[in-house]
Amino acid sequence: MAAPKYTGKIEWPTKIELGRGLEGAITNETKIGYVDGEKGWLVYRGYNIFDLAEHSSFEETSYLLLFGKLPKDDELSDFKKKLVGYRKVPEVVIDVLKSIPKEVHPMSALRTGVSVLGCFDRKAEEITPKNDTEIGIKLISQMATIAGAIGRIRKGEPPIEPDPELDHSANFLYMMNGEKPDDFSAKVMDVSLILHADHGMNASTFTCMVVNSSLTDLYSSVCAGICSLKGPLHGGANERALAFLLKLKDEENAVRYVKDCVSQKKKIMGFGHRVYKAYDPRAKVLGQYSQKVTEMKGMGHLYKIAKKVEEEVIAAYGEKGIFPNVDFYSGTIYYAMGIDVLMFTPIFAVSRVSGWVARVLEYLPENRIFRPRAVYVGPLEERYIPIDKR
Ligand code: ACO
């Protein structure tokens with residue numbers, strides 16, 4: 001059959017404004033979280049992030065994100081029991097993690113671990129809000145176990161069993177470091193997990209939602225979220241931010257580093273945000289903890305250098321709305337706590353899985369597959385040329 005001729009100009013239905021990186025695009029309505037980038041506000045289900053960071057726990061915040069209300073005493077205790085009950089992962093997951101080459105990035109190992117986990121859940125393919133809620137709770141619990149095991153394996157140490165007596169954050173630290181954390185370290189990790197749990201339609205959350213909108217299983221959607229979070233423009237910025245801070249020996253060095261970046265128009269990791277044009281509230285909380293933790297661990301100079309970098313970047317770019325983001329101070333905290341730098345982004349994932357699951361579950365009852373269009377600007381009238389005539 002002869003191919004019909006496609007001729008004429010492509011007509012797009014309306015005037016199209018191209019927001020690069022989908023800037024300004026709206027995906028859906030949500031009651032889960034709100035970011036006001038101009039005011040520097042972050043809200044989960046109506047509660048402001050400063051309030052939650054000070055008073056809540058990661059378990060309670062996860063419940064809030066998932067079920068839309070702060071739990072009553074018995075509800076929280078049931079939810080915690082469920083999380084504890086799910087902590088242990090099938091041995092095959094640990095075996096696969098052990099077989100991964102040591103030099104592989106822990107986010108790739110985490111992605112693999114979650115993928116294997118899904119293969120051993122017989123109900124993975126039952127896509128209903130009820131079943132996906134249960135899988136979501138399992139994932140919140142088990143991603144900490146998998147990340148903890150990855151942390152141990154990277155150090156050449158055997159993974160350890162979860163401790164049912166410890167809260168989520170304390171157990172996560174224990175599984176990663178092999179030592180029961182002191183109360184302050186557990187609190188710092190808990191605050192960090194609360195702060196990272198949800199953040200609007202960021203790249204990894206959007207990725208999870210797009211993938212899940214095809215009604216695939218939740219393990220696949222969360223794997224996709226992990227892949228997206230790994231990148232240096234998203235969750236991966238925390239390890240890069242610390243890497244450059246560690247190279248700066250003093251505050252003078254910090255001033256020079258920022259000046260060089262500015263003159264070379266080089267992006268400074270841990271700064272800037274698509275939505276925030278004011279100071280990221282999460283960085284405000286983490287900055288305070290960074291000062292406390294680094295001083296406690298005899299690394300106060302690291303905080304001073306970071307603070308100097310912040311001052312210099314704000315002096316250079318503050319008018320443009322570039323301030324520290326969540327990834328700037330988190331690395332200094334984890335580093336002072338003795339955590340392997342490459343584990344920083346997995347820690348982020350251990351927290352953000354709550355937001356991923358909450359948003360996927362919110363969308364599921366009225367699911368519609370995501371299907372945007374791209375504006376085609378290529379030709380129409382090319383004709384096939386046999387290979388020997390090209
Ligand atoms: N340092 C210096 N300049 C910056 C920075 C930065 N960190 N971030 C943005 N800018 C500048 C850009 O050079 C650009 O300037 P121009 O308009 O003169 O060309 C302008 O600000 C806008 O930058 P974009 O990259 O277009 O902003 P976008 O909204 O696409 O990106 C992003 C946001 C990816 C976070 C960006 O600020 C960035 O790359 N930051 C560094 C990486 C980082 O810290 N990522 C973590 C973000 S938080 C999170 O994901 C958890």
Side-chain angles (χ1 to χ4, degrees), residues 17-25 33 35-38 40-42 44 49 107 191-208 224-245 248 254-287 290 306 308-334 341 343-356 359:
E17 293 206 2
L18 292 173
R20 282 181 61 241
L22 290 182
E23 181 163 4
V35 183
D36 186 323
E38 299 299 326
W41 286 0
L42 173 58
Y44 296 169
I49 198 66
M107 282 298 273
V191 168
S192 187
L193 295 189
I194 292 170
L195 293 174
H196 286 83
D198 184 66
H199 205 247
M201 206 42 61
N202 57 86
S204 57
T205 301
F206 183 48
T207 302
C208 281
I226 296 170
C227 297
S228 168
L229 188 68
K230 181 179 178 225
L233 295 189
H234 193 8
N238 54 16
E239 56 186 75
R240 313 259 172 143
L242 184 80
F244 88 72
L245 284 175
L248 306 175
V255 175
R256 212 169 312 125
Y257 176 80
V258 176
K259 284 202 176 359
D260 286 351
C261 289
V262 172
S263 68
Q264 293 164 30
K265 294 196 182 326
K266 220 172 102 188
K267 273 189 177 176
I268 303 158
M269 291 292 124
F271 287 87
H273 200 275
R274 172 65 61 79
V275 182
Y276 288 123
K277 299 304 163 203
Y279 206 114
D280 181 334
R282 303 166 300 171
K284 257 188 204 164
V285 178
L286 289 176
S290 169
K308 193 70 188 167
V309 169
E310 176 189 321
E311 284 166 19
E312 292 296 308
V313 175
I314 293 177
Y317 291 135
E319 274 188 5
K320 231 169 142 178
I322 294 174
F323 294 94
N325 60 49
V326 70
D327 285 327
F328 186 59
Y329 284 110
S330 60
T332 60
I333 294 172
Y334 302 148
V341 175
M343 290 305 296
F344 294 180
T345 318
I347 297 174
F348 195 153
V350 162
S351 162
R352 184 57 57 88
V353 64
S354 285
W356 292 339
R359 287 186 182 256

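If you're wondering where the values come from, they're calculated on a predicted model, not measured in any experiment. Ligands are counted one by one from 1 in listed order, and the atoms in each one are counted from 1 as well.
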- Task: Give yes or no for whether the N/O distance cutoff of 3.5 Å, strictly under, is met between Arg274 and ligand 1.
- Result: yes

- Item | Sub-3.5 Å N/O-N/O distance, Leu233 and ligand 1 | yes

- Mind checking the CG-NE2 spacing from Asn202 to His273? Nearest 0.5 Å is all I need. 7.5 Å

- Message: My question is simple, although I want it checked carefully: is atom 42 (C) of ligand 1 less than 4.0 angstrom from any protein heavy atom?
- Response: yes

- Under the side-chain contact (heavy atoms from CB on, under 4.5 Å) criterion, do Tyr317 and Val258 qualify, and how do the steps go? CA-CA 11 Å; Tyr317 291 135; Val258 176; over 6 Å; no

- Query: Quick one: does Phe328 get a heavy atom under 4.0 Å from ligand 1?
  - Reply: no

- Message: For ligand 1, which is the ligand I care about here, please tell me if Lys320 has any N or O atom under 3.5 Å from one of the ligand's N or O atoms.
- Response: yes

- Message: Does ligand 1 come near enough to Ile268 that some N or O of the ligand is less than 3.5 Å from an N or O of the residue?
- Response: yes

- Task: Output yes when the distance from some N or O of ligand 1 to some N or O of Phe271 is under 3.5 Å, and no in every other case.
- Result: yes

- What part of Val326 sits under 4.0 Å from ligand 1 if we count only heavy atoms: the side chain, the backbone, both or neither? side chain

- Item | Under 3.5 Å: N/O of His234 near N/O of ligand 1 | yes

- Query: Among His196, Lys277, Lys267, whose heavy atom sits nearest atom 36 (C) of ligand 1?
  - Reply: Lys267

- Message: Working to the nearest 0.5 angstrom, can you tell me the gap between Met107 CE and Met343 CE?
- Response: 10.0 Å

- Query: Have Glu310 and Tyr329 got a donor and an acceptor in their side chains that come within less than 3.5 Å?
  - Reply: yes

- Could you say whether the N/O atoms of Phe348 and ligand 1 ever approach to under 3.5 Å? no

- Message: Does Arg359 form a side-chain contact (heavy atoms from CB on, under 4.5 Å) with Cys208? I'd like the steps, not just the answer.
- Response: CA-CA 9 Å; Arg359 287 186 182 256; Cys208 281; over 6 Å; no

- Using a distance threshold of 4.0 Å (strictly less than), state whether atom 25 (O) of ligand 1 has a protein heavy-atom neighbour. yes

- Task: Check whether the side chains of Asn238 and Thr345 place a donor and an acceptor atom closer than 3.5 Å, and report yes or no.
- Result: yes

- For the residue pair Leu242 and Ser330, establish whether any side-chain heavy-atom pair is separated by less than 4.5 Å. no

- Consider every N or O of Asn325 and every N or O of ligand 1, then say whether any pair is closer than 3.5 Å. yes

- Task: Please tell me if the side chains of Val35 and Tyr276 come closer than 4.5 Å, counting only heavy atoms from C-beta onward.
- Result: yes

- Item | Any Asn202 heavy atom less than 4.0 Å from ligand 1 | no

- Item | Any Gly21 heavy atom less than 4.0 Å from ligand 1 | no

- Item | Non-hydrogen protein atom less than 4.0 angstrom from atom 22 (C) of ligand 1 | no

- Which of parallel (below 30°), tilted (30 to 60°) and perpendicular (above 60°) describes His234 and Phe348? perpendicular

